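Not measured: the values here are computed from a predicted model. Per chain, numbering begins at 1; letters A, B, ... match sequence-line order.
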2 protein chains.
Amino acid sequence: MSEFYSIGQLSKLAECKVPTIRWYEDKGLLPAPTRTEGNQRRYTKRHLTTLRFIRHARALGFDLPAIEKLQQLNGCCYGDHIEADRIAQEHLDDVRNKIAKLKAMEAELVAMIEGCDYEHSHKCRILDVLADHGLCGSDHQ
Amino acid sequence: MSEFYSIGQLSKLAECKVPTIRWYEDKGLLPAPTRTEGNQRRYTKRHLTTLRFIRHARALGFDLPAIEKLQQLNGCCYGDHIEADRIAQEHLDDVRNKIAKLKAMEAELVAMIEGCDYEHSHKCRILDVLADHGLCGSDHQ
DNA sequence: CTTAAAGTCTCTAGTGACTAGAGGTTCAAG
DNA sequence: CTTGAACCTCTAGTCACTAGAGACTTTAAG
């Protein structure tokens, strides 16, 4: 078994685009790998694990600074566990806030679209509502 | 009643920051107002109406190209109504997609946080799950 | 061994919708 | 007339990438 992956191989294995890998290295999330004599990157299994960690955390919506903090915790002591929990909980709150906002948007959009009875009124409620916040029910920001 | 607003007054009336107003003008969403001899902007009620339309549409999550299209519809003919409806519906689908994705994230975050029983296992499930996608249930991207 | 194709390198610029700041000018009140 | 708030333009920064240019390296076929 060959020990090294090129950036393209790593890209396929981790389902992460090549420029994104380089970008993570640039930002310090993925350690710089060794290079060939011709200056091309050669990665190890460890890099693959790290990259998968990053991608998984991204898929869950963590931002890069949070991921960097999570990486520094290795989970072997109680403090690490508490801190990981705090970061995850904070992010969960964030996600829930976003959901709430989007649901408010959704409700208002539905009301707007369904309330539009052009056939009868010959006025488009969608454009009316947009023009006048007073015409819509909720107090979105 | 004075006919004109300064950019600061408009800002307060429309609850929109001053640089944002200038930026909308730059992007062609808000018509360029007249200027004083000293080159300061002077807005009319019409500008206020337009700016409120933009802000309301933004609050509902429409992006600027969509808002520009909506502005060009005045709602007085059937075609306008159909088009406004199409744009709104498309955006609603978008919003619902985002909600679905966030809910998937939420579920997985909750599972991760609640499944973390550090007291017993002395391993932090949060970090474990992030390191290995296989440990989590869903097929988020 | 040569050659061609595919892969890789660095660097810059663009995305969306603003926001922040520098450095200078104008307005309105007293 | 002075002062200070508001205004002007322009540039750069945000986030997490993505796209592209132009040059170099690696790999597989012949």
Using a 4.0 Å heavy-atom cut-off to protein, can you give one letter per nucleotide of nucleotides 23-30 of chain C, 5' to 3': B if the base is in contact, S if only the sugar-phosphate is, - if neither? ---SS---
Which whole-number value in Å describes the distance from L10(A) CG to dC9(C) P? 11 Å
Can you sort out the partners of S11(B) under side chain to side chain contact (heavy atoms under 4.5 Å, CB included), two or more places apart, ordered by chain and number? V18(B), I21(B)
Apply side chain to side chain contact (heavy atoms under 4.5 Å, CB included) to L13(B) and list each qualifying residue two or more places apart in sequence or on a separate chain. Y5(B), L48(B), R52(B)
Students should find that the nucleotides of DNA chain D closing off the region near chain A, any atom under 4.0 angstrom from a heavy atom, are dA16(D) to dT26(D)
State which residues pass side chain to side chain donor-acceptor pair (under 3.5 Å) with [X]; sequence neighbours excluded, sorted by chain then number.
X: Q40(B); value: none
X: R35(A); value: N39(A)
X: T36(B); value: none
X: Q89(B); value: none

With sequence neighbours left out, which residue pairs that include part of residues 21-34 of chain B fulfil the side chain to side chain donor-acceptor pair (under 3.5 Å) condition? Y24(B)-R55(B), E25(B)-R41(B)
Partners meeting salt bridge (charged side-chain N to carboxylate O under 4.0 Å, His left out) with E68(A) (sequence neighbours left out): none
Quick check on contacts: within residues 17-34 of chain A, what sits under 4.0 Å from DNA chain C by heavy-atom distance? R22(A)
If a pair satisfies ring-ring contact (aromatic ring centres under 6.0 Å, His included) and one of its residues is in residues 25-48 of chain A, list it, with sequence neighbours excluded. Y43(A)-H47(A)
Can a salt bridge be assigned to the pair E106(B) and R96(A) using a cut-off of 4.0 Å between side-chain N and carboxylate O? yes
